[in-house]
Amino acid sequence: MVKICCIGAGYVGGPTMAVIALKCPDIEVVVVDISKPRIEAWNSDTLPIYEPGLDDVVKQCRGRNLFFSTDVEKHVAEADIIFVSVNTPTKTRGLGAGKAADLTYWESAARMIADVSKSDKIVVEKSTVPVKTAEAIEKILTHNSKGINYQILSNPEFLAEGTAIEDLFKPDRVLIGGRETPEGRKAVQALKDVYAHWVPEDRILTTNLWSAELSKLAANAFLAQRISSVNAISALCEATGANVSEVAYAVGKDTRIGPKFLNASVGFGGSCFQKDILNLVYICECNGLPEVANYWKQVIKINDYQKSRFVNRVVASMFNTVAGKKIAVLGFAFKKDTGDTRETPAIDVCKGLLGDKAQISIYDPQVTEDQIQRDLAMNKFDWDRPMHLQPTSPTAIKQVSCVWDAYEATKGAHGVCILTEWDEFKTLDYQKIFDNMQKPAFVFDGRNIVDPEKLREIGFIVYSIGKPLDAWLKDMPAVA
Ligand SMILES: NC(=O)C1=CN([C@@H]2O[C@H](COP(=O)(O)OP(=O)(O)OC[C@H]3O[C@@H](n4cnc5c(N)ncnc54)[C@H](O)[C@@H]3O)[C@@H](O)[C@H]2O)C=CC1
Ligand SMILES: O=C(O)[C@H]1O[C@H](OP(=O)(O)OP(=O)(O)OC[C@H]2O[C@@H](n3ccc(=O)[nH]c3=O)[C@H](O)[C@@H]2O)[C@H](O)[C@@H](O)[C@@H]1O
């Protein structure tokens, strides 16, 4: 029986390995992590991450050919194929701080593999890493090899949170990069055989190592660039009276452009887009390509602009101050169907409103109060460290309260900011919300999920990203 061990039981390691175990009953899969609480949660009825369909997959194979353990060294030693799916956060200190990927966790995993291995291994980069990381990993492994043969493969993951199980069941493509040597090709084939259990052959792409590593960074940069493009156009729509949804629809009808990923928003969030683009920028700079670096940097600048533009709209339309005013925030996760808050635009929006002394009442169906308080207190990039390295009990921010109901959050509020596109926000009783709010009552829709006309009929003053402006807002320009 082939044995797979995955180091890192996070958003990628957990679901990916659960699906491999489900689709490959002839393979034993063990997911290991240094975080004891995380592994305990994977072994319990309350999994550590919320992902539609995941519970079902885990229940079907846990204890059969899927195991979760903290005994990292034992399972690494026994495995034939080792996936490494640990954090690769942005460096916060030293060379490349604020841009370069911090490979501390990757390096320590590689050193541990070298220490405990007694047989040949295929080591698979699942984490998103800078191009050429495989070379560094190879050096670490072969320097301590004791005659053991290691083959390094790059097999980046393209799943999106909220649809991870769907994406894993039916991936657009699986990408495997390896060395172009007989041993390298054999290793690529071994990994191909795993995916071939359920992925059609023509969707399994094989490339050289560097193409696979770079394709992951490029794919995320292209996706984020689409959002920044439509968000840039949304600002122009507001200035001209065009409607961004109509523009995006018309643009996306061109089959060369396509309709997906053109929803204007308060900004993209999530653990990877910003981090991976910063990493790409750094690699370009290191390779003497400042023009290319600046091109990609602009995608992040527009994203930051979009978030601060939103805050400015809120403050400007409420007579240029929100001091002491209750603002309801609906949605804190970076997108719907996940409890993940990493780099969520809600953090920057809330911090912006707090900077103007607002009182914020937050409701999100999946995010805990503890998480929200930690996010608002944490320094940038600290969120992407393993749990045990994050600040444990930050001082709670007094102006922020978290409630478990949208109606409670909006009661007595001056304004409502919709920051995540949870389906339940589309069907709220907005008349009831209006009746219980201060007047004039404002809705700032950062996800374009409510019908502005219907809300205006109720009496709200409405701001929707990239939509023709309410007369009220036209008279209140949002200048920083
Ligand atoms: N979250 C996502 O949707 C996607 C993430 N990625 C990439 O996958 C990688 C992992 O991301 P996530 O799963 O989201 O991170 P995560 O933070 O959810 O999980 C990483 C896990 O690795 C563990 N870990 C760190 N060092 C370790 C070590 N030396 N030994 C054992 N365990 C260790 C941590 O305790 C943590 O549980 C990152 O490189 C990310 O860029 C790629 C595609 C999608
Ligand atoms: O490397 C990663 O981590 C993953 O990053 C993204 O996945 P994810 O961040 O989970 O979610 P997305 O659906 O891409 O959304 C990212 C952000 O963009 C926003 N978004 C998305 C689409 C859109 O049209 N407009 C928009 O503002 C979302 O609300 C969210 O805040 C990619 O879609 C995955 O392919 C990739 O594997």
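As the structure lists them, so they are numbered: ligands from 1, and atoms in each ligand from 1. Heavy-atom basis, side chains included; hydrogens, waters and symmetry copies ignored.
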Open item on the list: Between Glu157 and Lys216 (salt bridge meaning N to carboxylate O under 4.0 Å), is one present in this structure?
Closed with: no
Open item on the list: Applying salt bridge (Lys or Arg N to Asp or Glu O under 4.0 Å), can you list everything that pairs with Lys23, at least two apart in sequence or on another chain?
Closed with: none
Open item on the list: Just to be sure I read this right, does ligand 1 sit under 4.0 Å from the backbone of Arg111, its side chain, both, or neither, counting only heavy atoms?
Closed with: neither
Open item on the list: Restricting to salt bridge (Lys or Arg N to Asp or Glu O under 4.0 Å), what partner residues turn up for Asp445, sequence neighbours left out?
Closed with: none
TODO: Run the contact test for Leu159 against ligand 1 with a 4.0 Å cut-off on heavy atoms, strictly below, and give the result.
DONE: yes
Open item on the list: Going by salt bridge (charged side-chain N to carboxylate O under 4.0 Å, His left out), name the pairs with one or both residues in residues 106-117, residues two or more places apart or in two chains.
Closed with: Glu107-Arg111
Open item on the list: Below the 3.5 angstrom mark, is there an N/O of Asp276, backbone or side chain, next to an N/O of ligand 1?
Closed with: no
Task: N-O pairing of Asp348 and Lys307 below 4.0 Å - done: yes
Task: Atoms in ligand 1 with a heavy atom of Tyr105 nearer than 4.0 Å - done: 26 (N), 29 (N)
TODO: Would you mind checking if Arg179 and Glu138 are paired as a salt bridge, meaning a charged N to carboxylate O distance below 4.0 Å?
DONE: yes
Task: Nitrogen or oxygen atoms of Asn87 and ligand 1 under 3.5 Å apart - done: yes
TODO: Answer yes if the side chains of Arg374 and Thr341 hold a donor-acceptor pair under 3.5 Å, and no otherwise.
DONE: no
Open item on the list: How about CZ on Phe222, more than 12 heavy atoms from neighbouring residues, nucleotides or ligands closer than 6.0 Å, or not?
Closed with: no
Task: Options Lys275, Met112, Glu51, ranked by nearest heavy atom to atom 40 (C) of ligand 1, top entry - done: Lys275
TODO: Would you tell me which option among Thr128, Val86, Asn220 has the nearest heavy-atom contact to atom 26 (N) of ligand 1?
DONE: Val86
- [ ] Using a strict cut-off of less than 4.0 Å between a Lys/Arg side-chain nitrogen and an Asp/Glu carboxylate oxygen, indicate whether Glu78 and Lys118 qualify as a salt bridge.
- [x] no
- [ ] Can you sort out which atoms of ligand 1 are near Gly10, meaning under 4.0 Å from one of its heavy atoms?
- [x] 13 (O), 16 (P), 18 (O), 19 (O)
Task: Heavy-atom pair with the smallest gap, counting every atom of Phe332 and Cys350 - done: CE1-SG, 4.0 Å
- [ ] Give the numbers and elements of all ligand 1 atoms closer than 4.0 Å to a heavy atom of Thr88.
- [x] 38 (C), 39 (O), 41 (O)
Task: Under 4.0 Å from ligand 2 - residues by heavy atom, chain and number - done: Glu157, Phe158, Leu159, Ala160, Glu161, Lys216, Asn220, Leu223, Ile227, Phe261, Leu262, Asn263, Ser265, Phe268, Gly269, Cys272, Phe273, Phe334, Lys335, Arg447
Task: Proximal ligand 1 atoms for Ser108, defined as those under 4.0 Å from one of its heavy atoms - done: 29 (N)
TODO: Determine yes or no for a side-chain-to-main-chain donor-acceptor pair under 3.5 angstrom, with Asp364 supplying the side chain and Gly331 the backbone.
DONE: no
Open item on the list: With heavy-atom distances below 4.0 Å as the criterion, list the atoms of ligand 1 near Lys216.
Closed with: 43 (C)
Open item on the list: I'd like to check whether Glu161 has a polar contact with ligand 1, where a contact means an N/O of the residue lying under 3.5 Å from an N/O of the ligand.
Closed with: yes
Task: Those atoms of ligand 1 less than 4.0 Å from some heavy atom in Ile7 - done: 30 (N), 31 (C), 32 (N)
- [ ] Go through ligand 1 atom by atom and flag the ones less than 4.0 Å from a non-hydrogen atom of Ser271.
- [x] 1 (N)
Open item on the list: Between the side chains of Lys426 and Asp423, is the shortest nitrogen-to-carboxylate-oxygen separation below 4.0 Å, so that they form an ion pair?
Closed with: yes
- [ ] Decide whether an N or O pair under 3.5 Å exists between Val12 and ligand 1.
- [x] yes
Open item on the list: Testing the 3.5 Å rule here: is there a donor-acceptor pair between the side chains of Tyr295 and Gln225?
Closed with: yes
Open item on the list: I'd like to check which ligand 1 atoms, numbered from 1 as shown, lie under 4.0 Å from a non-hydrogen atom of Cys272.
Closed with: 4 (C), 5 (C), 6 (N), 40 (C), 41 (O)
- [ ] Give a yes or no on whether a salt bridge exists between Glu343 and Lys275, defined as a side-chain N under 4.0 angstrom from a carboxylate O.
- [x] no
